[in-house]
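None of these values were measured; they are calculated from a predicted model. Numbers for residues simply follow the sequence, beginning at 1. Basis for what follows: all heavy atoms, side chains included, without hydrogens, waters or symmetry-related copies. Numbering of ligands and ligand atoms starts at 1, following listing order.
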Amino acid sequence: MTFYLSYAILFSVIKDFFKYFIDLVYPQNCSLCKNYTRSRSSKDFLCPECRSKIKLNVPRFCPKCSRNMKHSSSALCENCADNEIFFDFAWCCLSYEEPLRTLLHNFKYHHQLFLKHEFLRLMTTFLERHNLDIKQFELIIPIPLHPAKMRERGFNQSQILGQMISEKYQIPICNTAIIRTRNTQTQTNFDQKERWTNIQGAFRIKHSEVIKLKNILIIDDLLTTGATVSEAAKTLKQAGAATVGVLTLAIVNRNM
Ligand SMILES: [Zn+2]
Ligand SMILES: [Zn+2]
């Protein structure tokens, strides 16, 4: 009897041990509200309630950066009207507000990389809803991190998003064509105007042969003013890129 009991305890300890490691990679609870949510085989990391609170970016869009302009009658959003924008157009899938802010923060700073599956699903929904022709692009280029930041974080969130989009739509990806030469202070510390000067000259082309005459899709996690992606687009165009589009997970929609 004692013999069988100790086996049962041992089995339960081993089971808990494995469950702990599996939960690190494939958590079974909603990553926001922590309620039990799903079977392990599906890649659901949010419960339906939390998922329903994430807001897709909706029209009326700024034709340049796709910022929501429902409270404005101007042709372009204030940001695109006041600055020289070097990308041809940007598609930003989600509105950067809660609960997405928390999710993106957890993805970037708490290593919750499993959230990439949720992000891909949401980005795909946005692209399909608006019939956006992503196949026009011949090459995906994620916004690079400076090597020092890459070492600190251990991964580049834009590369992770870019890799999934590349696989989903069968578009080649290149992570080495453009590099970040200045470890700029994070753009969050600057006001709108300073963001445009802080980023100038931050990128350099390493392999112009893969860029020349290509229709390129830049991928980033978040568009705030668009200064970072515009500077990258400027650098790519100087190296001979044809069209430069931008795809981001989210955009800061003010006045919403
Ligand atoms: Zn939840
Ligand atoms: Zn705009």
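- We find that Lys149 and Glu152 are not joined by a salt bridge, their nearest charged nitrogen and carboxylate oxygen being 4.0 Å or further apart.
- Around atom NZ of Lys53, no more than 12 heavy atoms belonging to other residues, nucleotides or ligands sit under 6.0 Å away.
- Of all protein N/O/S atoms, those under 2.8 Å from the Zn ion (ligand 1) are Cys30 SG, Cys33 SG, Cys47 SG, Cys50 SG, and waters are not counted.
- Within a 6.0 Å radius of CD in Glu84, other residues, nucleotides and ligands contribute 12 heavy atoms or fewer.
- Between the side chain of Gln200 and the main chain of Glu231, no donor-acceptor pair closer than 3.5 Å is present.
- Rounding to 10 degrees gives 100° for the angle at the Zn ion (ligand 2) between SG of Cys65 and SG of Cys77.
- Salt bridge annotation for Arg51-Glu118: present, with a cationic side-chain nitrogen under 4.0 angstrom from a carboxylate oxygen.
- Shortest non-hydrogen contact noted between Phe126 and Asn57 is CE1-O, 3.3 Å.
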